[in-house]
Amino acid sequence: MLRVEDTVQVPVEFSAALVAQFDDIVSRYPEGKQKSALLPILHLVQAEFGWTSPQAMDKVAEYLKLQPIEVYEVASFYSMYFLRPQGKYVLEVCRTGPCCLVGAEKIMDHIEQQLGVKEGEVTADGLFSWRGVECLAACGFAPVLQIGPEYTFYEKLTNESVDQLIADLKARGK
Amino acid sequence: MGRKLLLEHINVPGINTFDVYRSKGGYASVEKALKKLTPDEVVEEVKKSGLRGRGGAGFPTGMKWGFLAKPEGVARYLVCNADESEPGTFKDRYLMTHIPHLLIEGMIVGSYALGAAVSYIYVRGEMMPQIRILEKAIAEAKVAGFLGKNILGTGYSLELYVQPGGGAYICGEETALLESLEGKRGNPRIKPPFPAIAGLYGCPTVVNNVESIAAVVPIINDGGEEYAKIGIGRSTGTKLISAGGNLVKPGVYEIDLGLPVEEFLYSDEYCGGIANGKRLKAVVAGGSSVPILPANLFMKTINGDARLMSYESLSDGGFVSGSMMGSGGFIAFDEDQCIVRNTWNFARFYHHESCGQCSPCREGTGWMEKVLHRLENGHGSMSDMDLLVDVSKKIEGNTICPLGDAAAWPVASAIRHFRDEFEWHVSHASEAVT
Ligand SMILES: NC(=O)C1=CN([C@@H]2O[C@H](COP(=O)(O)OP(=O)(O)OC[C@H]3O[C@@H](n4cnc5c(N)ncnc54)[C@H](O)[C@@H]3O)[C@@H](O)[C@H]2O)C=CC1
Ligand SMILES: Cc1cc2nc3c(=O)[nH]c(=O)nc-3n(C[C@H](O)[C@H](O)[C@H](O)COP(=O)(O)O)c2cc1C
Ligand code: SF4
Ligand code: FES
């Protein structure tokens, strides 16, 4: 399993294009309420770097003129922000009641078996991790999974469609 | 055939684009409201419609709009609650995916009625595809002159933004949502004050569900009185029901409130019956937070009356023999489903989603999950059921927000109606392990 301690602590730089996106988000709120931009900015950061690293969070704090703790406490409250590195593709399968009525647990077992890693772990090639998440508001099309950063959605999963998806992502590679 | 006020054009190819939506009569309510009605007249129509909040609490929308404080020189906001995370509920995501302009149209009319110059649609962060869809729809509406400065030359200006959440069920609770929109952890605030008095940035704010805001469109087009003719009693209008679980045809259905549950479950127009020729065992009628009912009590009230899909009929019998309309998240369980396992699954959900501010909720949901887990896995004892009921009672009513109640009710009702199944898990411990 990949651990924060093992990752190279590269200093994070925000590109001009990324900062331009930040600026655009900040412009949506009244003067002085730039903290409202925090959640959307963390999503952009995660899309860019794969996770919200401490270095990236410090830079966000600097940009929004917040204390770093204000960023950490938010990132750790919400389930979508990764506080450690993940596989390039994180398969997030709904594990809540309605999906389980139509086989979500079996799908998770199958994914675990196919990827050969437990929930939360990263495959050796760095390509995949997976986890169970709570109801994704698609219970009528269950079982379902999503893959960030665009949260592409896959419905009515079967073992076969999962195999196909994994094969496609492997072919797409790094 | 039920009327379709929201989903009438959902299958029209290209209805997600401005041009097609407009060609089907879209944005007429904006023209009517902004050009012919004063903001107060719009509020009046919504009051007449009897529309009740579709987010789950069923609070009359027009009354809430009427409560909005209007101090001089202070901004007011309309915030759309598109955080949809209640297990079993998927109507808002469906609506935003397929007919995004309906929500935009309702937001413009609502913002005009409330005097908002800036409004936000708070969408749960996982719905990134829907966020993109809404952003595109907003851009189209702006180009067409329905958003931005001086809309349709009426002098009314509105900026509309989409805000993503970060993944947290609690942010559907309106005050947690506002905290989150301010860039903070989603910890609910103590009410009162209600957002109508002090909401976003401390300013008067109305928070409404996606479906409530969409319903304003037909209400303004046809008039509140016409809308109120649909439905039964205080359950007026049409309602989107998210139907999932073991059904032949799961999906989102628009029903006239008052439709008999029998027809909803078994007719081909709606759910088409229970999948794989099995029998119905239980129903959760309004999202995971409402009490579960065994099939017989769901189909007929304790007095033998056929149950209807309305706020009043679904709650007939109170918590002893009834349930609630809630968010309209309809979950059907077939005869093979294990109530203990499902109850554990829901308990895990609420434990995971508790924001942790109040100890009865934070600790109690953890206890319930633990006890249910041991029951499900064959390590429970006969006293566990009473223990669970006791814990649920200690949570209920003792917390800042209703998530605590929402966690307690499913457990208490499952034990009330399916106690024998829980006991079986204890007496047949080795067989119970799956
Ligand atoms: N759609 C979903 O995904 C979910 C929905 N829910 C539903 O949420 C419901 C609970 O929601 P709450 O907002 O806590 O209920 P609530 O009854 O406190 O409030 C309902 C609405 O009416 C307004 N309101 C009530 N009294 C008011 C007053 N005197 N002045 C001004 N405004 C007033 C509130 O601000 C709120 O917008 C549950 O019944 C449940 O069904 C729960 C979880 C998820
Ligand atoms: C834990 C919890 C979660 C909630 N989640 C949602 C939600 O996802 N969507 C929603 O519209 N209302 C949700 N609500 C209800 C809101 O607090 C509020 O009543 C609603 O947004 C008001 O809109 P309405 O009057 O149009 O229904 C939730 C309430 C609680 C207690
Ligand atoms: S009841 Fe639970 S979710 Fe609601 S404020 Fe208290 S701890 Fe948070
Ligand atoms: S329970 Fe899986 S999407 Fe709702």
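A note on names: the letters A, B, ... follow the listed sequences, proteins ahead of strands, and every chain is numbered from 1.
Between chain A and the options Y201(B), F349(B), Y169(B), heavy-atom pairs under 4.5 Å are most frequent for Y201(B). Chain A forms the most heavy-atom pairs under 4.5 Å with one residue out of G251(B), G88(B), G244(B), A168(B), and that residue is G88(B). The choice from A142(A), P30(A), P149(A), C139(A) that makes the most heavy-atom pairs within less than 4.5 Å of chain B is C139(A). The residue among M128(B), R348(B), H352(B) with the most heavy atom pairs within less than 4.5 Å of chain A is R348(B). With chain A as partner, the option from E353(B), Q163(B), E84(B) having the largest number of non-hydrogen pairs under 4.5 angstrom is Q163(B). Heavy-atom pairs under 4.5 Å with chain A peak, among K91(B), E126(B), R185(B), E159(B), at R185(B).
At least one donor-acceptor pair closer than 3.5 Å links the side chain of E254(B) to the backbone N or O of L7(B). Side-chain N or O atoms of S413(B) include one that pairs as donor or acceptor with a backbone N or O of I292(B) at under 3.5 Å. For Q86(A) (side chain) and G50(A) (main-chain N/O), no donor-acceptor pair under 3.5 Å exists by modelled atom type. Side chain of E86(B) to backbone of S289(B): a donor-acceptor contact under 3.5 angstrom is found.
With a 4.5 angstrom heavy-atom cutoff, S180(B) touches chain A via backbone and side-chain atoms both. Using a 4.5 Å cut-off between heavy atoms, Q146(A) touches chain B through its side chain atoms alone. Both the backbone and the side chain of A138(A) come within contact range of chain B, each with at least one heavy atom under 4.5 Å from a heavy atom of that chain. Contact of A75(B) with chain A is not made at all, since no heavy-atom distance falls under 4.5 Å. Heavy atoms of C338(B) lying under 4.5 Å from chain A are absent altogether. Proximity to chain A (any heavy atom under 4.5 Å) is restricted, for Y120(B), to the side chain, taken from C-beta onward. If you measure heavy-atom distances from L247(B) to chain A, you find no contacts under 4.5 Å at all. Only the side chain of E105(A) comes within contact range of chain B, with at least one heavy atom under 4.5 Å from a heavy atom of that chain. With a threshold of 4.5 angstrom between heavy atoms, Y94(B) approaches chain A through side-chain atoms but not through N, CA, C or O. In this structure, chain B has heavy atoms under 4.5 Å from both the backbone and the side chain of Y29(A). Proximity to chain A (any heavy atom under 4.5 Å) is restricted, for T89(B), to the backbone atoms N, CA, C and O. Contact annotation for Y161(B): only side-chain heavy atoms (C-beta onward) come within less than 4.5 Å of a heavy atom of chain A.
For the side chain to side chain contact (heavy atoms under 4.5 Å, CB included) test with Y63(A), the passing option among D58(A), D23(A), L18(A), V71(A) is D23(A); the others fail. For the side chain to side chain contact (heavy atoms under 4.5 Å, CB included) with L160(B), the qualifying choice from C80(B), S119(B), S111(B) is S119(B), the only one to do so. Checked against I41(A) for a side chain to side chain contact (heavy atoms under 4.5 Å, CB included), the options L38(A), V45(A), L39(A) give a single hit: V45(A).
Ring orientation note: the planes of F128(A) and Y89(A) are tilted relative to one another, at an angle of 30° to 60°. Note: Y270(B) and Y253(B) have perpendicular aromatic rings, judged against thresholds of 30 and 60 degrees for the angle between ring planes.
Using a 4.5 Å heavy-atom cutoff, the side chains of N377(B) and W344(B) are not in contact. Side-chain contact between L145(A) and I111(A) is present, with heavy atoms from C-beta onward closer than 4.5 Å.
Among the residues in residues 92-103 of chain A, those with a non-hydrogen atom closer than 4.5 angstrom to a non-hydrogen atom of chain B are R95(A), T96(A), G97(A), P98(A), C100(A), L101(A), V102(A).
E155(A) and R93(B) are joined by a salt bridge, as a carboxylate oxygen and a charged side-chain nitrogen come within less than 4.0 angstrom of each other. Between E335(B) and R279(B) there is a salt bridge, since at least one side-chain N of the basic residue sits less than 4.0 Å from a carboxylate O of the acidic one.
Counting only N and O atoms by type, the side chains of Q337(B) and N342(B) include no donor and acceptor under 3.5 Å apart.
Within 6.0 Å of the NZ atom in K249(B), the count of heavy atoms belonging to other residues, nucleotides or ligands exceeds 12.
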